[in-house]
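The structure appears right after this line, and notes come after that.
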Protein chains: 2
Amino acid sequence: MAVKIFLNEDEMPRQWYNLAADLPSPMQPPMGPDGPVPPEAWGSIFPMNLVEQEYSTERWIDIPEEILEILYRWRPAPLKRAVYLEKMLDTPAKIYYKDESVSPAGSHKPNTAVAQVWYNKQAGTKMITTETGAGQWGSALSFACSIIGIPCKVFMVRISFDQKPFRKTMMQTWGGKCIASPSMETNAGRGFLEKYPDTPGSLGMAISEAVEAAASDPSGTTKYSLGSVLNHVLLHQTIIGLEAKKQLAKAGIRKPDIVIGCAGGGSNFAGLAFPFIQDKINGDDITIIPVEPTSCPTLTRGLFSYDFGDTACTTPLLAMHTLGHSFVPAPIHAGGLRYHGMAPLVSQTVVEGLAEPVAVPQLECYEAAVKWARSEGTIIAPETSHAVAVTIREALKAKEEGKEKVILFNLSGHGHMDLLGYAKYFDGELKDYALPQEEIEKAESELAGLPPAAISKTGKW
Amino acid sequence: MAVKIFLNEDEMPRQWYNLAADLPSPMQPPMGPDGPVPPEAWGSIFPMNLVEQEYSTERWIDIPEEILEILYRWRPAPLKRAVYLEKMLDTPAKIYYKDESVSPAGSHKPNTAVAQVWYNKQAGTKMITTETGAGQWGSALSFACSIIGIPCKVFMVRISFDQKPFRKTMMQTWGGKCIASPSMETNAGRGFLEKYPDTPGSLGMAISEAVEAAASDPSGTTKYSLGSVLNHVLLHQTIIGLEAKKQLAKAGIRKPDIVIGCAGGGSNFAGLAFPFIQDKINGDDITIIPVEPTSCPTLTRGLFSYDFGDTACTTPLLAMHTLGHSFVPAPIHAGGLRYHGMAPLVSQTVVEGLAEPVAVPQLECYEAAVKWARSEGTIIAPETSHAVAVTIREALKAKEEGKEKVILFNLSGHGHMDLLGYAKYFDGELKDYALPQEEIEKAESELAGLPPAAISKTGKW
């Protein structure tokens, strides 16, 4: 019999968990041309209530009651056991997953979209701009803006805009405006188009456009919203792992042996994993695996360095794993994993040895997604398929070793908007991409031009 | 605060409800050239265990434990209260809905797909054929065939195949084979294409093809499966209404005042409504509303008559509301509602005055769907939008009357595969279609050619 573990409304976590409070080394500050960036410098693009969260080192941060009420529309998200996949793989491993696909926008993204839009509303914001890769984030923000009541404009990476045309319609249904990026609407966009007229776009470029669109509003009431990478975004996602802990306890499981999440900017991985990394810091034996594509191997092959969050070099420098801000990843269908950088908090867990990243090629991920559909019955996002691919690897390893391991992964989103990728997979039109070594060398020289203090290859400071 | 009412696994209904046991007049039998069709005559296209259900007049039929186990993957489906829509409409009505979009295939269809494939497996079926309109049924059958282990072939109505290309990919992901209908694979299909080379297709044509593909297998192990219309299909859907009753009771509601479902072939409407029609027969005051498109107004303008279920006139004659078996509905986006006939059981509830059908034009339905998305937050199927449109009408009527009515409707499916329709709606490319009176006259003359016993305009026999 299928296993589903629900929580009641009154069992919902009432606080977010902030990993910054427990990391062995303190976080390195964001840097500007004149040294560390003070909180107030972010005020032109973010409301100050969110900037406070960005800089906070408090371990627990209360979730406002009104945000909980909105999250309750679809949360607590179910924890399910993948008994049919276990059977297909004939593994002794117990595979559990958090099903974040149940949100109205179809992924974990609304967890932070709702929080960010709510805090913006409190702060008097009249318009929100953002970027989106595969479209999950743009959809989530449009959804949140619709129900909370702030207009939004979404710059969507060109290749995903073309691959997933109905994402635009989805945003429009919620009243959001979606534009292919690079666009002619911003200086940054016009610049990219002039330099690379046929570019597939990238998250880095789209961020440049969305930041410019917010910062250039003379009234100061247009703000920018980011769907991943920053501390406050990851903070809002920790409700996933906090719920999962309570649910595992209900299933009689004290701790998972392995925790897995795909990692593009890092938010769904962090959301599930950070509460378990806290336990790991406190002594639990848990293997924590962020999974990325071999075509955009930020954590496994990128440099740990200060770098810009965007391609036009307009954001503060962040200490993170990066392939260089001008890197344009290959056109894989997991658009949400096509980002040159990585959340500083996630990067630091890797530097500290708390997380062990793995890169997986595209075809193995689609193969895993089809196995999932034909056993568990649901169609998952290409991003999520990265987590499933490594879950299958680990379940088969447990079988070889004859160990009854508990594997927990994050089913970050459904693939209903991503069927073009599946169609191409079945038609044999997809291929794997390895990152040429020249790209790493290019990143090294690009990063060498940044303030030297920004480079730390030892991981300790 | 949002209201969601769940049931536990042990609260799942263990029996289906058969309305045929309680109808004031007995059902009229299916007719063939030589009079009433005996059960065994269906054996060439259906397994006999399902034929038994088709003819059963037992009130309660046990749900096999193995089917319950599969349904438990996503059932019991939640009952939710649409508090945000209520607020948007400023209505005193309490709007509850059954959320059938939570199934792996995204609609109520897997409720019967799982049951039918399971009974076929028991009976030794090696291959299943079917037709699909919008694709919900074909996806559901592919899903069920995948997890139970029988290959399937789906004939998809051409216009929906073109409007919703990713439905094919969805079926393929579950291992199903999807073909646009009319096709060159069957005699019926070749005949339609010769006569109407540019036809958008219809459910009637697709049924002809799927029936032929099953009946023409000399081994006798290929069977046909229908996603609506027939008694056993509607039977399997009654789990929806039976759950809803238990859930309303948990919310302290003895009975709803109004029950609403969209009706194409009739299965999602019947699934929700039949258990409440039982209460109505037993004296409860409940208004029961099947909703159809004005472009295919089978219940509101069609004739109650014996007619073929398909366009090639290969099925037995069924006593139902019909627009004539050669009727090809306008190309509305609610593909699941483009059927010339209606389930005999649903038709009879209308003839008996137990249900009061309403027809709604396409644009009002999309307007309702957008209101739904911007209040409740989810994107619904165009078919479902018909139920929401009438829910809104009734909620506004309750407001005018100042009455705190309880409205219950069936959210039959999500619209993630139907965003092309939303896109055209936003671009002003959709229009309303009224049915010209000539079509009714054409149906009258077509039906006049059938055995005279087939016509009953009085509704009593």
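The figures here come from the full heavy-atom set of this structure, side chains too, leaving out hydrogens, waters and symmetry mates. Being a predicted model, the structure only gives us computed values, none of them experimental.
Using a 4.5 Å cut-off between heavy atoms, A:Glu66 makes no contact with chain B at all. Contacts between B:Ser375 and chain A at a heavy-atom distance below 4.5 Å involve the backbone alone (N, CA, C, O).
Note that CD of B:Gln172 is 10.5 Å distant from CG of A:Leu419, once rounded to the nearest 0.5 Å. Here OH of A:Tyr425 is found 13.5 Å from OG1 of B:Thr169. Values are rounded to the nearest 0.5 Å. The structure places CD1 of B:Ile379 at 4.0 Å from CH2 of A:Trp174, a figure rounded to the nearest 0.5 Å. A distance of 9.5 Å separates CZ of B:Phe166 from CE of A:Met417, quoted to the nearest 0.5 Å.
The environment of B:Lys250 atom NZ is dense: over 12 non-hydrogen atoms of other residues, nucleotides or ligands sit within 6.0 angstrom. Other residues, nucleotides and ligands contribute only 12 or fewer heavy atoms inside 6.0 Å of the NZ atom of A:Lys168.
A donor-acceptor contact shorter than 3.5 Å links the side chain of A:Lys4 to the backbone of B:Arg75.
Relative ring orientation between B:His416 and A:His416 is described as tilted, the plane-to-plane angle lying within the 30° to 60° band.
Listed by sequence position, B:Phe143, B:Ser146, B:Ile147 are the residues of residues 139-148 of chain B in contact with chain A, using a 4.5 angstrom heavy-atom cutoff.
Listed options B:Gly377, B:Gly175, B:Ala423, B:Ala373 were ranked by heavy-atom pairs under 4.5 angstrom with chain A; first place goes to B:Gly377. Interface summary for chain A: among B:Ala105, B:Ala369, B:Pro104, the most heavy-atom pairs under 4.5 angstrom belong to B:Pro104.
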A:Thr173 vs B:Arg374, side-chain contact (heavy atoms from CB on, under 4.5 Å): CA-CA, chis, key distance, verdict: CA-CA 8 Å; A:Thr173 303; B:Arg374 294 182 184 177; 5.7 Å; no
side-chain contact (heavy atoms from CB on, under 4.5 Å) evaluation trace for A:Tyr422 with B:Met170: CA-CA 8 Å; A:Tyr422 279 83; B:Met170 205 169 184; over 6 Å; no
